[in-house]
There are 4 protein chains.
Amino acid sequence: MNIKAGVVGATGYAGAELVRLLTGHPQAELAAISSVSFTGQALSDIYPAYYHICDLVCGTQEEVVEKSDVVFAALPHGLSQELAKTCYDAGKVFIDLGADFRLENEDDYKEWYGGTYLYKELHEQAVYALPELFREQIRGKKIIANPGCYTTAVPLALAPALRKGYIAAEGIIADCKSGVTGAGRKLTQNTHYPELNEGFSAYKVAAHRHTPEMEQSLSHVAGGAPVKLTFVPHLLPVNRGILATCYAKLQKEASLQEIRQAYEEQYGDEPFIRLLPEGRVADIKNVRYSNYCDISLHMDPRTNTFIAISAIDNMVKGAAGQAIQNMNLAFGLDETCGLMLTPPAF
Amino acid sequence: MNIKAGVVGATGYAGAELVRLLTGHPQAELAAISSVSFTGQALSDIYPAYYHICDLVCGTQEEVVEKSDVVFAALPHGLSQELAKTCYDAGKVFIDLGADFRLENEDDYKEWYGGTYLYKELHEQAVYALPELFREQIRGKKIIANPGCYTTAVPLALAPALRKGYIAAEGIIADCKSGVTGAGRKLTQNTHYPELNEGFSAYKVAAHRHTPEMEQSLSHVAGGAPVKLTFVPHLLPVNRGILATCYAKLQKEASLQEIRQAYEEQYGDEPFIRLLPEGRVADIKNVRYSNYCDISLHMDPRTNTFIAISAIDNMVKGAAGQAIQNMNLAFGLDETCGLMLTPPAF
Amino acid sequence: MNIKAGVVGATGYAGAELVRLLTGHPQAELAAISSVSFTGQALSDIYPAYYHICDLVCGTQEEVVEKSDVVFAALPHGLSQELAKTCYDAGKVFIDLGADFRLENEDDYKEWYGGTYLYKELHEQAVYALPELFREQIRGKKIIANPGCYTTAVPLALAPALRKGYIAAEGIIADCKSGVTGAGRKLTQNTHYPELNEGFSAYKVAAHRHTPEMEQSLSHVAGGAPVKLTFVPHLLPVNRGILATCYAKLQKEASLQEIRQAYEEQYGDEPFIRLLPEGRVADIKNVRYSNYCDISLHMDPRTNTFIAISAIDNMVKGAAGQAIQNMNLAFGLDETCGLMLTPPAF
Amino acid sequence: MNIKAGVVGATGYAGAELVRLLTGHPQAELAAISSVSFTGQALSDIYPAYYHICDLVCGTQEEVVEKSDVVFAALPHGLSQELAKTCYDAGKVFIDLGADFRLENEDDYKEWYGGTYLYKELHEQAVYALPELFREQIRGKKIIANPGCYTTAVPLALAPALRKGYIAAEGIIADCKSGVTGAGRKLTQNTHYPELNEGFSAYKVAAHRHTPEMEQSLSHVAGGAPVKLTFVPHLLPVNRGILATCYAKLQKEASLQEIRQAYEEQYGDEPFIRLLPEGRVADIKNVRYSNYCDISLHMDPRTNTFIAISAIDNMVKGAAGQAIQNMNLAFGLDETCGLMLTPPAF
C-alpha cells in the first residue's frame with residue numbers, strides 16, 4: 001500500500017514533524033503540503049534540515065485535499081472544522097492535530113476555546129484517538145481527533161490505576177513540564193533564547209485548555225465517573241519532551257506491586273508504552289524523537305500517595321507520531337509502521 | 001567591623017559560592033579556606049573564574065578555625081559535628097551548610113541520614129536559621145544550622161497560608177525542580193553533560209532527605225501541628241535555581257485575595273522576599289545569582305486547591321547567600337549587608 | 001560623588017545591563033531611563049528580575065537628558081547623533097554604546113552602516129574609548145564612543161604582539177563566537193529557542209560591521225600601518241560571552257615566552273585583563289557577568305602561527321561594563337568603581 | 001542479505017550510536033556486543049533509551065567476533081590492532097572507529113599516539129575510508145579505518161578547492177567546534193554539566209591528534225603535495241555536531257562561483273553531501289542524528305581568503321554513520337542503506 005499523505009499547516013512545528021516522520025514511512029508518501037504564511041516557498045527554505053529531503057513547495061489547502069488520501073491538519077484551533085467537512089465530503093481520511101474535535105461536550109469547547117461546533121454530524125463521526133486507551137473505536141474512522149501532548153502523557157500515566165479503582169478520581173494533581181517546541185514556532189518574548197535559557201517557570205497555572213480533555217479521557221477510564229484534576233504546566237528549557245508527574249490518593253489499600261500488576265496487564269502488549277522496572281524513573285531524554293511513552297510508578301507510603309510519572313516526546317507521541325499511529329490504524333496497517341525509531345541515547 | 005570569615009570545604013559548590021559572595025562583602029574578609037581534596041592548591045586553580053580575585057591556597061580545617069571569627073562549613077553530612085565542637089570551644093561562630101544540626105529530633109536524623117548526635121549540648125545551642133520564619137532566634141547564636149535548598153523554597157512558599165489556617169496541614173504536595181549545581185561538584189554519570197542536557201527527570205521520588213526538615217519548619221509554622229507532605233524533586237538542565245510548585249487543599253473558604261493578604265502581612269517588610277503581583281508566575285530566571293525568593297500565588301477554584309510557587313537560587317538563598325544572611329544576623333550587621341545583588345535579567 | 005546617570009534605550013539588552021550595573025555602583029545613581037517601545041511602563045514589568053530593585057518608569061529621552069549628568073545611549077545605529085548633540089549642548093557627558101561615533105573615517109561609516117556624520121565637530125570631540133589601549137585620550141572627554149563587543153575582544157587579544165612587531169599586520173584571522181544576547185532582544189526566527197538550541201553556525205561571514213572598527217584599533221596599535229583582517233562571527237547557544245580565536249603569522253622569530261613578555265609589560269597593571277598562565281585556555285565561562293577580559297597565548301610551531309584567545313562577557317566588558325569603566329574615567333573616579341564583580345564559577 | 005554485525009566497545013558513545021543505527025538497518029542485524037566495563041549487563045541498563053529495543057547483554061570480544069560477519073571496534077587507540085588480527089584471520093570484516101589504522105606513516109602514529117604498528121601486513125591491507133574522497137579503494141576491503149570526526153569535516157570542506165588548485169596547500173586554518181559527545185562518556189570535570197553549560201573554550205590548541213590525519217587526506221587530494229595546517233578545536237555546549245570553519249588563501253584568481261562549480265562537480269552526486277545554496281551558512285542543527293555533511297562556501301574579497309564551512313553530526317557522519325556507510329560499501333550494499341535518516345528540524 002502507498003498512502004498519499006498531505007499536511008495542512010506544514011510549516012508549524014507539528015506539521016514539520018509530520019514531514020520528518022512521513023519521509024521515513026515505508027507505506028506512505030508525502031503528496032502535498034500547504035501553509036498560509038509560506039505559500040510558494042519550499043519547505044526546505046524554512047527548515048534547512050530538510051534540504052534535498054523534502055523540497056516540496058507549500059501550496060493551498062485545496063491542493064493538499066485533492067492530492068491526498070489522508071489529510072493531516074496542524075492548524076490553530078477553530079480552523080479545522082471547515083477543512084474536515086471538505087475532506088469528509090471528498091471521502092478522505094482527516095486527522096486533526098488541533099483541538100476542534102477532541103471534546104465530546106460542546107460546552108467544554110465553548111468554555112475553554114470560545115468556539116462552536118459547526119457540523120454536528122462531523123462531531124458524531126469523529127473519534128478521540130488515543131490508541132492505547134480507545135483503540136477499537138479508531139479503526140476505519142474518517143475523522144480522527146488526535147490528542148494533545150499533555151493529554152496523552154497524563155491519562156496514559158494514570159489509566160490502569162484509575163480503571164482498577166486503586167486511586168481516587170478526585171484530588172489528582174498533574175504537574176507537567178514541557179519542552180519549548182510545545183509552544184510552537186511563533187515568536188514570543190518568553191521563548192526568545194536569552195530569556196528562556198537557564199530559566200524555568202509555570203504558565204497558565206490551573207487554567208490550561210488541556211484540562212477538560214484530560215478529565216474526559218480519565219472519566220471514560222473510570223467508567224464514567226466525573227474526574228476533576230489540578231493541572232499545572234511548566235516550560236522546560238529543552239526542545240522536546242513532556243514529563244508528567246501525577247499524584248493521586250490511594251482509595252483502597254494496595255502495594256506498589258499490585259498496582260504495577262494492573263499496568264502490566266493493561267500495557268503489556270502495547271508497542272509504544274515502556275513500563276519501567278522498579279527503581280528507574282521516567283526521563284524525557286529516553287524517548288526523544290521516538291513514539292514511546294515511558295512510565296514509572298512510585299509510592300509515598302508516608303502519605304498514601306501514588307505517583308505515576310510518564311515521559312513522551314511532545315512532538316512525536318504527543319503530536320505527529322501519534323497522528324501517524326492513528327493513520328496506520330485507520331488504514332489497517334501495522335500500527336507501528338514507520339514509527340519504530342530508536343530514540344538516541346544522547 | 002571587619003569579620004574574618006573562613007570556609008571549610010571551599011572547593012565544593014556551596015563553598016565556592018561562599019567565596020564569591022564573601023569577596024564582595026563590605027564588612028567581611030575571606031581569611032582562610034580549606035579543602036580535603038585540594039590542600040595546597042590555590043582556589044583559582046580549581047575555579048579559574050576566581051583568578052586574581054581569590055588566589056588563596058587551601059589549607060587545613062585547623063588553620064581556618066584559627067584565622068576566622070566565623071567558620072562556614074560546607075561538608076558532607078556527618079562531618080560537621082566535630083568541627084562545630086572545635087569552633088564552639090574556641091568561641092567562634094559556626095555556620096553549618098550541611099544537615100548535621102538541622103533536625104530537632106535525633107530520630108529523624110538517624111532515620112534519614114543514618115547518623116547520631118555526638119554532642120547533645122551543641123544541638124541544644126544550635127538554631128535552625130531560616131531568617132524569614134525564625135529570625136528572632138538567630139541573633140547572637142553561635143551554632144547556626146543553615147537550611148537546605150528545597151527546605152528554604154517550600155516552607156517560604158506555604159508559611160503564611162498555613163499559619164493563618166487557610167490550607168490543610170496534610171495532603172500538601174511539593175513538586176520541586178532544581179538546577180544541577182544542587183547535585184554538587186562530584187562527577188556522576190547523570191550529571192555528565194551529554195546525558196543530562198535535553199533531559200529531565202525526577203529522582204529520590206518521595207524519598208529525599210529534605211522531607212523531614214520541611215515538615216519540621218511547616219509544623220512550627222502551623223503551631224506545632226504535625227505536617228506530612230509528599231515531596232518529589234526533579235533535576236533541571238540549568239545550572240541554578242529551584243522552582244517549588246506547592247499544592248494544598250483549602251481548609252476554609254477564602255479568596256486568593258484574602259490569602260495574598262496574609263502573605264503581604266507576613267512578608268511585606270522582608271528584604272529578600274518578593275511577592276509577585278497577580279498574573280505573574282515565579283521563574284528561577286529572575287533570582288539567579290541573588291538572594292531573593294520570588295513567590296507567586298494561584299488558585300484552582302475547580303478543585304479548591306491553593307498553589308504557591310517559589311523560586312530561589314539554590315546556591316544563594318538556598319545555601320551560601322542565606323548563610324551570609326545568617327552571619328549578618330549573628331554579628332548584628334544589617335541583614336542585607338553584601339547581599340543586595342541585582343539578579344541579571346539574562 | 002554621586003553621579004546622576006541616565007539610560008536611553010533602557011529596555012534593550014545593553015540598556016538593561018547598564019541598569020544592573022548602575023544599581024550596584026557606589027558613586028552613581030540611576031536617575032532616569034527611557035524607551036521608545038515601552039514609554040510609561042516600569043522597567044521591572046519588562047524585566048521581572050529587577051522587581052523591587054529598579055521599578056523606574058520609562059520616560060522620554062528629554063527627561064533622561066534633563067535629569068542626568070551622564071547619558072548612556074543604547075540605541076540602534078543612526079539614532080545617537082542628535083541625542084549626542086543635545087547632551088553636548090547641555091553640558092552632559094554622553095556615552096554611546098552604538099556605532100555612530102566609533103569610526104574615525106566617515107567613509108567607513110557610510111560603507112558599513114549607510115549613514116552620514118551630521119555634526120563634524122561632535123565627531124572631532126568624540127573619543128574611541130577602549131581604555132586598555134587608548135586610556136589617556138578618554139579622561140575628561142564629553143563624547144565617548146564605547147567599542148563594540150567583538151571589537152573589544154579582538155584588539156585586546158592581539159595588541160601587544162602587533163605593537164611589538166611579532167606578528168604580521170596582514171593575514172590575521174579572527175574567528176569569533178558570541179552568546180545570543182549579542183543579537184539583542186528583538187525576536188527573530190534564528191534566536192527562537194527551539195531553533196537555536198543545540199545549533200551552532202556562523203553569520204555575516206566576512207561581512208560584519210565590526211570589521212573596520214577592529215582594523216582601526218589594530219592599525220593604531222601597529223603605529224598607523226594598515227591592517228586588514230578576516231573576521232567570521234558565530235552564534236553560540238549560550239546567553240553571554242565572546243570567545244575570539246585570533247590567528248596571525250609570526251613575522252619575526254620569537255618564542256611564545258618572548259611574546260608573553262610583551263603582554264605582561266602592556267597588561268601587567270590592567271585591572272580587567274587577566275593574562276592566563278601557560279597551559280590554560282581562555283573560556284567565556286570564567287568572565288560571565290564581570291568586566292574581565294581573559295587572554296591565553298598559544299603557538300603552532302608547525303606553521304609558525306601565533307594564536308591568541310580572548311574571552312569577555314559581551315554584555316559587560318563588551319558593552320555596559322566598559323561604558324561604566326569609561327564613565328569612571330570621564331568623571332575622574334577610580335576606573336574600577338562598581339565593576340569589581342566576582343564572576344560566578346558556575 | 002542479512003549481515004551479522006557486532007560491536008566491540010558498545011557502551012561508549014560511538015558504540016552506542018552504532019547500536020542506534022544498526023537497530024534501524026534493513027539489511028543488518030545486531031548480533032552481539034561487548035564491553036570491558038559492563039560485561040554481563042544489558043545495554044539498556046546503561047542506556048535506558050534502548051529499553052525493549054536493544055536489551056542485548058554485553059559479552060566478550062571473542063563472542064562478538066564469533067557471532068559476526070562484520071566487527072565494529074569502538075575502542076581507545078592502541079587496542080584495535082590485536083582485534084583486527086583476530087578478525088582478519090577469521091575472515092571477518094573489521095571496521096575500526098579508532099585511530100590505529102588511519103595514519104599511513106607509522107612515524108606519525110608514534111609521534112601523535114605514542115604507539116607502534118604491530119602487524120605491518122594488516123596496515124598494508126587497511127584502507128582509510130572517507131568514502132566521498134576515497135570510495136573506490138574501500139570496496140571489498142576487510143580492514144577499514146573509519147576517519148575521525150574532525151578529519152571528516154575538514155577535508156570534505158576543502159577538498160574540491162584544493163584539488164583544483166584554487167587554494168594554497170599551506171596556511172590553511174581549521175577552526176573547529178565540536179559537541180560534547182566528542183569527548184566521550186568518561187566523566188571529567190570539564191564535561192560536568194554545571195562547569196560546561198554556558199561555557200565555551202578551545203582545547204589542545206594546535207596540538208590535537210587529528211592534525212596529521214587531516215593533512216594526510218588533504219595531501220592526497222592535492223596530488224601528494226605536503227599540507228600543513230593549523231587546527232584548533234573548541235568544545236561547544238551542545239550534544240552533537242561539528243562545525244569546521246576553514247580558511248585558505250586563494251592561490252589563483254577565482255570567483256566564488258567558479259570555486260562553487262568545482263564543488264558541484266565533485267560532490268554533485270554524493271548522497272550525503274549537501275552543498276548549500278549561496279546565502280546560506282552550514283549549521284550543525286541541520287545535520288543532527290543524520291549522516292549528512294552540509295557545506296557552505298564564502299569569500300572574503302578584502303583579504304583574498306576563501307572560507308568553507310562544513311557541518312556534520314560528529315557521532316554519525318563523524319563516527320557511527322560513516323562506519324555503516326563503509327560497511328555498506330564493503331559488503332556491496334547500496335551505500336545509503338539504513339542511513340537515509342531525516343534530521344529533525346528542531
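Below, read A as the first sequence line, B as the second, and so on, with proteins coming before strands; counting in each chain starts at 1.
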### Task
Against chain C, label A:Arg185 side chain, backbone, both or neither, depending on which of its atoms sit under 4.5 Å from a heavy atom there.
both

### Task
Please determine, by modelled atom types, if C:Tyr13 and A:Glu195 share a side-chain donor-acceptor pair under 3.5 angstrom.
yes

### Message
Heavy-atom pairs under 4.5 Å with chain C - which of A:Val238, A:Val180, A:Leu187 has more of them than the others?
### Response
A:Leu187

### Task
Look up atom OH in C:Tyr193 and atom CG in A:Leu236, then write down how far apart they are to the nearest 0.5 Å.
9.0 Å

#### Entry: Part of C:Gln189 lying under 4.5 Å from any heavy atom of chain A
both

### Task
Would you give the length of the straight line joining atom OG1 of A:Thr181 to atom CG of C:Asn197, rounded to the nearest 0.5 angstrom?
10.0 Å

